[in-house]
Amino acid sequence: MVSETQKKELVKKALENRLKAYTPYSHHKVGAALLGKNGVVYDGCNIENAAYTPSNCAERTAFFKAVSEGQYEFEAIAIVGGMDDAKELDYCPPCGVCRQVMREFCRSDFEIYLAKDEDNIKTYKLVELLPEGFGPEFLED
Ligand code: THU
């Protein structure tokens with residue numbers, strides 16, 4: 001269970017991570033903070049590329065950092081995003097590709113926090129954002 005305090009801390013971290021986003025093309029900055037079941041928070045931001053397709057979303061940056069460090073189980077992720085010059089942020093939902101990456105490593109009760117700031121947080125379960133998703137169990141005997 002993620003406490004309300006932990007949830008706010010994750011959002012705070014995501015807001016900090018957003019400031020590191022490398023977005024010279026879209027100018028849309030996204031930050032993520034992914035809580036592993038080991039209690040460690042993995043940071044992520046989006047990283048764009050002049051060739052466009054190699055760009056990586058904030059959520060996947062966080063997941064790939066965690067997995068590459070040997071962590072495969074997760075509790076929750078906080079996501080914040082908006083244009084560079086936005087005066088205030090709106091909720092920024094994860095793209096379909098990132099939802100699919102979550103589906104690979106997370107159970108249906110994995111929590112996704114979309115936030116404008118620490119006091120405006122919407123909480124979803126992965127199954128709500130990706131119902132009837134295709135996952136690793138479909139490839140088991
Ligand atoms: N972006 C993310 O980082 N996460 C999402 O789930 C939505 C989109 C990034 C990708 C790109 O760098 C910019 O936002 C505009 O699409």
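All ligand and atom numbering here is 1-based and tracks the order in the structure. Counting from 1, the numbers follow the sequence of the chain as shown. We use all heavy atoms of the structure for the numbers below, so side chains are in, but hydrogens, waters and symmetry mates are not.
- No salt bridge links Lys116 with Glu88; every basic N to acidic carboxylate O contact stays at or beyond 4.0 Å.
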**Message:** Quick one, Glu137 with Arg103, criterion salt bridge (charged side-chain N to carboxylate O under 4.0 Å, His left out). Give me CA distance, side-chain angles, the key distance, then yes/no.
**Reply:** CA-CA 11 Å; Glu137 69 276 15; Arg103 182 68 173 76; 2.7 Å; yes

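- When only non-hydrogen protein atoms are considered, atom 15 (C) of ligand 1 lies nearest to Ser26 OG, 3.6 Å.
- For Lys65 and Tyr42, the positive end is not near the middle of the six-membered ring at less than 6.0 Å and at most 45° from its axis.
- Between Lys7 and Glu4 a salt bridge is recorded (basic side-chain N to carboxylate O distance below 4.0 Å).
- Of all atoms in ligand 1, numbered sequentially from 1 with element shown, those under 4.0 Å from a heavy atom of Pro94 are 6 (O).
- Of all atoms in ligand 1, numbered sequentially from 1 with element shown, those under 4.0 Å from a heavy atom of Cys95 are 5 (C), 6 (O).
- At least one side-chain heavy atom of Phe134 sits under 4.5 Å from a side-chain heavy atom of Leu139.
- Within the 4.0 Å heavy-atom criterion, neither part of Ser55 lies near ligand 1.
- In terms of protein heavy-atom proximity, atom 3 (O) of ligand 1 is closest to Ala58 N, 3.0 Å.
- Scanning all protein heavy atoms for the shortest distance to atom 11 (C) of ligand 1 gives Glu48 OE2, 3.3 Å.
- Between Glu59 and ligand 1, an N or O atom pair is found at a separation short of 3.5 Å.
- In summary, Asp84 and Lys29 engage in a salt bridge, as defined by a charged side-chain N under 4.0 Å from a carboxylate O.
- At the shortest separation from atom 16 (O) of ligand 1 among protein heavy atoms lies His28 ND1, 4.7 Å.
- In this structure, the separation between OH on Tyr25 and CD on Glu48 is 8.0 Å, given to the nearest 0.5 Å.
- Considering backbone and side-chain atoms together, Asn46 places an N or O closer than 3.5 Å to an N or O of ligand 1.
- A salt bridge links Lys8 with Asp119: at least one charged nitrogen is closer than 4.0 Å to a carboxylate oxygen.
- Looking only at heavy atoms of the protein, atom 8 (C) of ligand 1 is closest to Cys57 SG, 4.0 Å.
- Within a 4.0 Å radius of atom 6 (O) of ligand 1, the protein has at least one heavy atom.
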